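What follows is a short report on a single structure.
Note on naming: letters A, B, ... go to the chains in the order of the sequence lines (proteins, then strands), and numbering restarts at 1 for each one. The structure presented is a predicted model; accordingly, all values stated were derived computationally and were not measured. Keep in mind that the numbers below use all heavy atoms, side chains included, and drop hydrogens, waters and symmetry copies.
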Number of protein chains: 2
Amino acid sequence: MENFSEIQKTKIFAEISEFDMQALAYCLKIKFRNYNKNDTIIAQGQPVEDVVMLLKGGAKLENIDPFGDISLITKFKAGDIYGVENGFMGETTYKDTLTATENCLVMLMNRHRLLTPCENKCKRHDIIVRHLVQMVIERNYELTEKLKLLSKKNIKEKVLAYLQAQSKKAGSLYFDIPYNKTELANYLSVDRSALSTTLSRLREEGLIDFDKKHYHIKKG
Amino acid sequence: MENFSEIQKTKIFAEISEFDMQALAYCLKIKFRNYNKNDTIIAQGQPVEDVVMLLKGGAKLENIDPFGDISLITKFKAGDIYGVENGFMGETTYKDTLTATENCLVMLMNRHRLLTPCENKCKRHDIIVRHLVQMVIERNYELTEKLKLLSKKNIKEKVLAYLQAQSKKAGSLYFDIPYNKTELANYLSVDRSALSTTLSRLREEGLIDFDKKHYHIKKG
DNA sequence: CTCAAAATGTTGTAAAAACAACACAATTTC
DNA sequence: GAAATTGTGTTGTTTTTACAACATTTTGAG
């Protein structure tokens with residue numbers, strides 16, 4: 001089956017055999033798209049058609065507000081999914097923009113079919129639903145984490161909280177983050193140069209050290 | 001059945017008959033608790049035991065960070081639920097504090113049973129799961145909305161974006177919000193007096209008007 | 001490897017927000 | 001209904017952030 005090796009690598013479809021996937025592909029009306037770096041995968045404002053899953057490559061999810069300010073919501077990696085909430089909440093247009101940061105392979109799935117377990121041959125559909133729920137809950141959790149960061153009252157606390165969360169996630173005081181400085185500023189919704197100053201001061205104070213995307217927290 | 005009239009009013013259990021609810025209550029090991037105003041319903045750091053649903057009264061959900069700063073996450077009304085994500089994400093302790101703002105009736109449900117449709121007599125369990133998924137997705141949507149607010153770069157934009165969202169939700173340029181000024185400042189993670197100044201200036205400029213919790217947006 | 005583009009750190013300045021203190025209004029409690 | 005508590009708007013001060021401009025480094029494309 002087309003692209004099955006990539007599909008199999010994703011958490012949501014990992015348990016599905018190639019045979020079952022055939023039926024599922026039909027049921028979900030699966031389609032594939034290739035994108036080059038910097039291509040727009042989903043454009044904000046476009047009518048909601050499908051749920052999108054990134055199979056290969058990388059992308060960034062951004063939101064543009066009415067003033068034209070762009071904010072980085074998160075980076076996408078293989079297996080990440082967009083559009084479940086949109087469809088479910090009865091939105092008629094996509095609320096964010098998904099842009100390829102490298103060459104990508106993307107899988108499109110029919111949003112109506114996805115969340116409704118059917119009585120058809122595709123007997124594995126219930127597994128997909130369960131995984132989707134898991135993913136939405138995880139996403140919910142991540143959103144809550146980010147919300148806590150943005151609730152901090154100054155840049156220093158935002159950065160430290162972010163780094164501590166990443167450190168905890170990595171299970172080490174030495175860890176890499178997915179963002180460069182410019183992206184991190186954007187992610188935390190702060191000015192880039194102010195972030196740069198703050199990071200320098202934190203290094204000065206001996207609280208942290210860093211190089212490129214690699215960081216080290218020195219004190220608890 | 002005990003408290004059935006209250007249970008029936010909640011979206012999640014609305015379709016369930018009293019008879020089916022009996023079986024479900026047994027399956028989910030439902031328990032009830034009464035709380036007085038200012039009582040702690042869930043304490044941050046406590047071991048995760050149950051999923052909690054507010055049946056009657058009001059409550060507020062807050063988070064206390066390591067520095068001791070408290071931030072208001074949201075207000076709870078009847079039918080609102082807490083603890084689904086916690087349990088599902090394998091957290092062993094509650095991450096937030098839920099406090100009664102009025103006298104409350106609360107329903108506790110076993111978190112392990114809740115999300116796993118069973119083969120028992122309680123044949124309506126699948127409906128509950130579907131509603132839960134809906135609620136998690138809605139919550140996800142709300143979190144994303146709040147995230148967009150907190151990403152705005154100054155108080156004026158935060159407030160305007162919040163009021164516009166509330167206006168849209170109410171379907172009118174005249175609407176009530178659930179927060180007083182102090183709570184709103186807390187919700188938006190800004191200083192109360194700075195918020196007060198901003199609101200006054202916006203009124204001065206003729207963009208909005210307000211009285212207590214009632215607001216009016218004058219220009220689009 | 002070379003050159004253009006993008007990212008980074010630094011600095012000074014202007015703007016915004018936090019903080020603190022206060023008087024007064026509104027609400028709650030007894 | 002009186003007293004105590006909580007909420008609100010205002011003001012001045014201090015701190016923090018955004019903004020802008022720049023030199024330097026790093027990255028990426030051809």
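- Separating the CG atom of B:L195 from the P atom of C:dC19 is a distance of 14 Å, rounded to the nearest angstrom.
- Within the structure, every side-chain polar atom (N or O) of A:N154 is placed at least 4.0 Å from both OP1 and OP2 of C:dA18.
- In this structure, a donor-acceptor pair under 3.5 Å is absent between the side chains of B:N140 and A:N140.
- With no hydrogens or angles considered, a side-chain donor-acceptor pair links A:H214 and A:D176 at under 3.5 Å.
- The CG-P distance, from A:N38 to C:dA6, rounds to 10 Å in whole Å.
- By the 6.0 Å contact criterion, NZ on A:K75 is enclosed, its count of non-hydrogen atoms from other residues, nucleotides or ligands being greater than 12.
- One interatomic measurement links the two molecules: CG of A:L184 to P of C:dA6, which rounds to 20 Å at whole-angstrom precision.
- Each of A:K181 and B:K153 was assigned the nucleotide of DNA chain C with the nearest heavy atom; the assignment lying further toward the 5' end belongs to A:K181.
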Write down the protein N/O and nucleotide N/O pairs, taken from nucleotides 20-24 of chain C, whose separation is under 3.5 Å; answer none if there are no such pairs.
from, atom 1, to, atom 2, distance (Å)
C:dA20, N6, B:S193, OG, 3.3

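- Under the 6.0 Å distance and 45° angle rule, A:K146 counts as a cation-pi partner of A:Y187.
- When rounded to the nearest whole Å, the span between CZ of B:R201 and C1' of C:dA17 equals 11 Å.
- Distance A:Y179 OH to C:dT8 P: 14 Å, rounded to the nearest Å.
- A:S196 comes within 4.0 angstrom of a base, heavy atoms only.
- In this structure, A:K37 reaches the sugar-phosphate backbone alone: every heavy-atom distance under 4.0 Å involves primed, P, OP1 or OP2 atoms, never a base.
- Between the side chains of A:Y215 and A:D211, no donor N or O sits under 3.5 Å from an acceptor N or O.
- The outermost nucleotides of DNA chain D lying under 4.0 Å from heavy atoms of chain A, listed 5' to 3', are D:dT16 to D:dA29.
- Residue pairs meeting the side-chain hydrogen bond (donor to acceptor under 3.5 Å, both in side chains) criterion with at least one member in residues 37-53 of chain B: none, sequence neighbours excluded.
- Across the protein-nucleic acid pair, B:I155 atom CD1 and C:dA16 atom C1' stand 8 Å apart, rounded to whole Å.
- Atom NE2 of A:H214 and atom C1' of C:dT8 are 19 Å apart (whole Å).
- Taking the nucleotide of DNA chain D with the nearest heavy atom to each of B:T197 and A:A194, the more 5' of the two is matched to B:T197.
- At whole-Å resolution of the value, NZ in B:K156 and P in C:dA17 are 11 Å apart.
- Contact between A:E2 and A:I7 at its shortest, heavy atoms only, is O-CD1, 4.2 Å.
- Pairing each heavy atom of B:F175 with each of B:L163, the nearest pair is CZ-O, 3.4 Å.
- A donor-acceptor contact closer than 3.5 angstrom is absent between the side chains of A:Q22 and A:E18.
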